[in-house]
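Worksheet for the structure shown next.
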Amino acid sequence: MQYTRKCGELASEDNDSTQSLCGWLQDVRNLGGIAFLTLRDRTGLAQITLLKKKVGEDNFKDWTNISRESVICVEGTVKSNKEAPGGVEILPDSLTLINEAKTPLPLGVIDKIDSEIETRLNARYMDLRKPEISAHFKVRAAISGAVHKQLRLEGFLEIQTPKIIASATEGGTGLFPVQYFDKEAYLTQSPQLYKQMAMGGGLEKVYEIGPAFRAEEHNTPRHLNEFTSIDIEQSFSDDNEVMGVMERVVAAAAEAVSADIESLNDLQTPPIDVELPLPRITYDEAVDMAKGLVEWGEDLSMEATRAISEKMDGFYFITKWPLQLKPFYIQQDDSDPKYSKGFDFMYKEVEMTSGGQRVHDVAILEERLRNQDLNPEDFEHYLSPFRYGMPPHAGWGLGLDRLAMIFSGASNVRECVLWPRDRTRMTP
RNA sequence: GCUCGAGUGGUGUAGCCUGGCCUAUCAUGAAGCCCUGUCGAGGCUUCGACCCGGGUUCAAAUCCCGGCUCGGGCGCCA
């Protein structure tokens, strides 16, 4: 390492010792005979104090003329001083310009003027230098880490499934075609079918955190065309049990985020308490809450979920959806064939995901496919594992990006994705 | 796919409805100078912009048409 201390770690205990620091030159305040430079790295800020008499005229001039956001390293004596921010500063013997920043900057890191998100995403490398921006990714990493930990604790096996798939006959629309040598292939929308095949393979409890692609031309603060999906599938299980997994995963994520007080402070957002069990309302109850905005049998519009969220604060499940609204692989409810064992997981008005117990009887699957005007023969790769001993199973998929958005208090999912892919953006 | 809105220096904006005093506002920034305790440092000087193309008009940042780019709402989202 080229440094002996991180900027945020410099402490009065280091008084009189020689230390070196590396980072970005955030600011220069030149008062004539004395100058104060602010050095920043991921851990925080440190003040470099230059005395003209001590460093000499030439060094003083050179070092105070380095452009903001250049990368520098300094070595010098640490001094406790109550007038310095944080009570310590470093008086350098040497200062090395490692990489000079061009001027003007594409956006200001510490300026009082906030840039628009478009400008910021175009210069994300600069945007990320602001602690209140990088905090989103610390929160996201805390969530991701907690999810891995919780699922492993519960005995889930991490898997990776293909992202290039051969056919668009899985039932969904909006797939991105890709050229696969001399054939047309697609980017996957979801690991759904592969998770189920893993159940056929006897892996029993699996999870994957990976990319998914949707070729939908939506333009909202919640949608991206490439997103990260947290998916689980569990054998010998039902919709209720996997809802239990979901709430424990979300609670673990909430706890991990709450522990990162520094990031929450940077984001100026409060921690979200998740108290288990999370409320569960049925689709019928949801329709009642929607104040006539939806008819029974219709999907819940944004308008409807907004009305529902007036009564349902925070996270909750909507269960017992009409079978007609759920895909062919979701199981029918035992007590009433009108309903399904599918559920949605919500945060206020935002749909986080859907999940449910799956059909494991191949005859029913074939019938359901035909009912939806799909040809079972086109699904043979998918159906085949169901003919040789498929356990009952249930699962869900949850958008990591949306979860990060909620926990970091962001109003736009793009804030929580380093280099988002939306309808118009493919670069950087 | 439907619909609404927006494009002004490096960044963020004012001005547009009600065309002319716009040689375009303010802030931030950049360049330079002064200053030994700054921490949003301060002071002085300077620099830099009306998305593109048509049209209306004596006159267009401003009104009209087209294009491009972007954003929002809805739809869609196994």
Side-chain angles (χ1 to χ4, degrees), chain A residues 26-38 45-55 60-61 64-65 67-69 79 81-87 89 91 101-123 126-127 168-175 188-193 195-196 212-225 227 229 231 299 301-304 306 325-330 340 342 344 350-351 353-356 358-359 368-369 372 374 379 382 395-397 399 402 411-412 414 422-425:
Chain A
Q26 176 168 295
D27 192 28
V28 176
R29 292 180 300 281
N30 183 356
L31 279 71
I34 187 171
F36 304 97
L37 318 191
T38 306
L45 306 174
Q47 176 160 290
I48 302 165
T49 301
L50 306 181
L51 291 160
K52 193 186 255 177
K53 275 197 286 192
K54 184 171 177 289
V55 302
F60 190 86
K61 194 177 177 204
T64 53
N65 274 313
S67 56
R68 299 199 306 169
E69 296 304 322
K79 286 287 175 195
N81 186 331
K82 61 176 185 293
E83 285 176 295
E89 59 192 2
L91 293 120
K102 255 179 71 178
T103 59
L105 300 169
L107 55 89
V109 173
I110 56 162
D111 296 4
K112 287 292 140 189
I113 307 288
D114 288 328
S115 302
E116 293 198 329
I117 191 157
E118 284 298 299
T119 308
R120 292 172 36 219
L121 291 175
N122 284 335
M126 191 61 64
D127 189 42
T169 54
E170 290 179 7
T173 54
L175 289 158
T188 184
Q189 269 187 319
S190 143
Q192 178 62 29
L193 305 185
K195 287 190 300 177
Q196 292 193 264
F213 306 90
R214 303 260 161 108
E216 302 285 346
E217 294 192 44
H218 30 49
N219 182 14
T220 81
R222 305 175 299 283
H223 288 96
L224 291 173
N225 298 288
F227 63 97
S229 180
D231 271 88
D299 206 351
S301 63
M302 275 302 286
E303 209 185 5
R306 276 202 193 95
L325 290 178
K326 287 291 163 186
F328 68 89
Y329 55 77
I330 291 288
S340 72
D344 277 11
V350 183
E351 181 186 330
T353 186
S354 51
R358 324 299 193 187
V359 177
R368 293 282 297 282
L369 282 169
Q372 297 197 6
L374 295 167
F379 289 79
Y382 170 60
W396 45 256
R402 284 193 182 174
S411 56
N412 191 324
R414 280 162 256 234
D422 62 27
R423 196 189 147 196
T424 54
R425 180 177 289 279

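Protein chains get the first letters and strands the later ones, always in sequence-line order, with residue 1 at the start of each.
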Exercise for the section: Could you check A/P191 against A/S301 and say which one's nearest nucleotide on RNA chain B is further toward the 5' end? Expected result: A/S301

Handout entry: Heavy-atom closest contact (A/V28 atom, A/T64 atom, distance)
Key = CG1-O, 3.6 Å

Problem - Least distance between heavy atoms, A/L51 atom then A/F60 atom - result: C-CD1, 4.2 Å

Handout entry: Span that lies between the P atom of B/U25 and that of B/U3, in whole angstrom
Key = 39 Å

Completion exercise
B/G40 -> Watson-Crick or G-U wobble partner, both distances under 3.5 Å, gives none

Exercise for the section: Decide yes or no, distance alone: a donor-acceptor N/O pair under 3.5 angstrom between the base of B/U38 and the side-chain of A/Q47. Expected result: yes

Handout entry: Rounded distance in Å - CG (A/L50) to P (B/A41)
Key = 16 Å

Completion exercise
Re B/G75: Watson-Crick or G-U wobble partner, both distances kept under 3.5 Å, found to be none

Practice task
Output yes when at least one side-chain N/O atom of A/R402 is less than 4.0 Å from OP1 or OP2 of B/C77, else no.
Solution key: no

Exercise for the section: Looking at every strand, decide which applies to A/L51 at a 4.0 Å heavy-atom threshold: base, sugar-phosphate, or nothing. Expected result: base

Handout entry: Residue A/N412, side-chain atoms from C-beta onward, closest of B/G12, B/G72, B/G37
Key = B/G72

Exercise for the section: Hunt down the Watson-Crick or G-U wobble partner of B/A61, both distances under 3.5 Å, from any strand shown, or write none. Expected result: none

Problem - Within-4.5 Å side-chain heavy-atom neighbours: A/I34 and A/T49 - result: yes

Fill in the blank from the handout: On RNA chain B, more 5' by nearest nucleotide between A/L91 and A/R425 is A/L91

Problem - For atom CD of A/Q189 and atom P of B/C76, their distance in whole Å - result: 15 Å

Completion exercise
Quick note, A/P221 side chain, CB onward, closest among B/G73, B/C77, B/U36 is B/G73

Completion exercise
Among B/G71, B/G37, B/A30, the one nearest any side-chain atom of A/D422 is B/G71

Handout entry: Nucleotide paired to B/U56 in any strand shown, Watson-Crick or G-U, under 3.5 Å
Key = none

Exercise for the section: Ignoring backbone atoms, establish whether A/T424 has a side-chain N or O less than 4.0 Å from OP1 or OP2 of B/G71. Expected result: yes

Exercise for the section: Evaluate the side-chain proximity of A/K102 to A/E69: yes if any heavy-atom separation is below 4.5 Å, no if none is. Expected result: no

Practice task
Describe the nucleic acid contact of A/S354 in one word from base, sugar-phosphate, nothing, applying a heavy-atom distance below 4.0 Å.
Solution key: nothing

Practice task
Starting from C1' on B/G12, measure out to CG on A/D127 and report it in whole angstrom.
Solution key: 14 Å

Handout entry: Over all atoms of both residues, closest heavy-atom pair of A/N225 and A/H218
Key = OD1-CE1, 3.7 Å

Practice task
Please state how far atom CZ in A/R68 lies from atom P in B/U11, giving the value in whole angstrom units.
Solution key: 14 Å

Handout entry: Pairing nucleotide - B/A24, Watson-Crick or G-U, each distance under 3.5 Å
Key = none

Exercise for the section: Look at all strands and tell whether A/N30 reaches a base, only sugar-phosphate, or nothing, counting heavy atoms closer than 4.0 Å. Expected result: base

Problem - Phosphate OP1/OP2 of B/A30: any A/S67 side-chain N/O under 4.0 Å - result: no

Handout entry: Closest to side chain of A/R29, choosing from B/C77, B/G73, B/C39
Key = B/C39

Completion exercise
Checking B/G71, B/U11, B/C74 against the side chain of A/M302 (C-beta onward), the nearest is B/C74

Exercise for the section: Under 4.0 Å between any heavy atoms, over every strand shown, what does A/K53 touch: base, sugar-phosphate, or nothing? Just pick one. Expected result: base

Problem - Counterpart base for B/C47, defined by Watson-Crick or G-U wobble contacts under 3.5 Å - result: B/G29

Exercise for the section: Test side-chain contact (heavy atoms from CB on, under 4.5 Å) on A/I330 and A/R358 and set out the steps. Expected result: CA-CA 5 Å; A/I330 291 288; A/R358 324 299 193 187; 3.7 Å; yes

Exercise for the section: Classify the nucleic acid contact of A/R368 as base, sugar-phosphate or nothing, counting any heavy atom under 4.0 Å across all strands shown. Expected result: nothing

Completion exercise
Side-chain contact check for A/E118: nearest option of B/A31, B/U38, B/G71 is B/G71

Problem - Test item: A/T38 and A/R29 side chains (from C-beta on) under 4.5 Å apart, heavy atoms - result: yes

Exercise for the section: Return the nearest nucleotide to the side chain of A/N81; candidates are B/G12, B/G40, B/G37. Expected result: B/G37

Handout entry: Shortest non-hydrogen contact from A/N122 toward A/R425
Key = OD1-NH1, 2.9 Å

Exercise for the section: Ignoring backbone atoms, test whether A/R222 places a side-chain nitrogen or oxygen under 4.0 Å from the OP1 or OP2 oxygen of B/C76. Expected result: no

Completion exercise
Regarding the side chain of A/R306, the nearest nucleotide among B/G12, B/G37, B/C74 is B/C74

Fill in the blank from the handout: Whole-Å distance, A/E116 CD to B/G72 P, equals 11 Å

Handout entry: For B/C17, the Watson-Crick or wobble partner whose two distances fall under 3.5 Å
Key = none

Exercise for the section: For A/E89, report the nucleic acid contact type (base, sugar-phosphate, nothing); a contact means any heavy atom under 4.0 Å. Expected result: base

Exercise for the section: Name all residues meeting the salt bridge (Lys or Arg N to Asp or Glu O under 4.0 Å) criterion together with A/K79; count only those two or more places apart in sequence or in a different chain, and write none if there are none. Expected result: A/D16

Exercise for the section: Determine the contact category for A/T220: base if any of its heavy atoms lies under 4.0 Å from a base atom, sugar-phosphate if only primed atoms, P, OP1 or OP2 are that close, otherwise nothing. Expected result: sugar-phosphate

Exercise for the section: Could you tell me whether A/A35 contacts a base, only the sugar-phosphate backbone, or nothing, with contacts defined as non-hydrogen atoms closer than 4.0 Å? Expected result: nothing

Exercise for the section: For A/L107 and A/R120, work out which heavy atoms get closest and say how close. Expected result: CD2-CA, 3.6 Å

Practice task
Might you point out which heavy atoms bring A/M126 and A/P106 nearest each other, and give the distance in Å?
Solution key: CE-CD, 4.2 Å

Problem - Plane angle bin for A/F328 and A/Y382 - parallel if under 30°, tilted between 30 and 60°, otherwise perpendicular - result: perpendicular

Write down the protein N/O and nucleotide N/O pairs, taken from nucleotides 45-47 of chain B, whose separation is under 3.5 Å; answer none if there are no such pairs.
none

Report each atom pair, protein N/O against N/O of nucleotides 1-10 of chain B, whose distance is under 3.5 angstrom.
residue	atom	partner	partner atom	Å
B/G10	O2'	A/L105	O	3.1

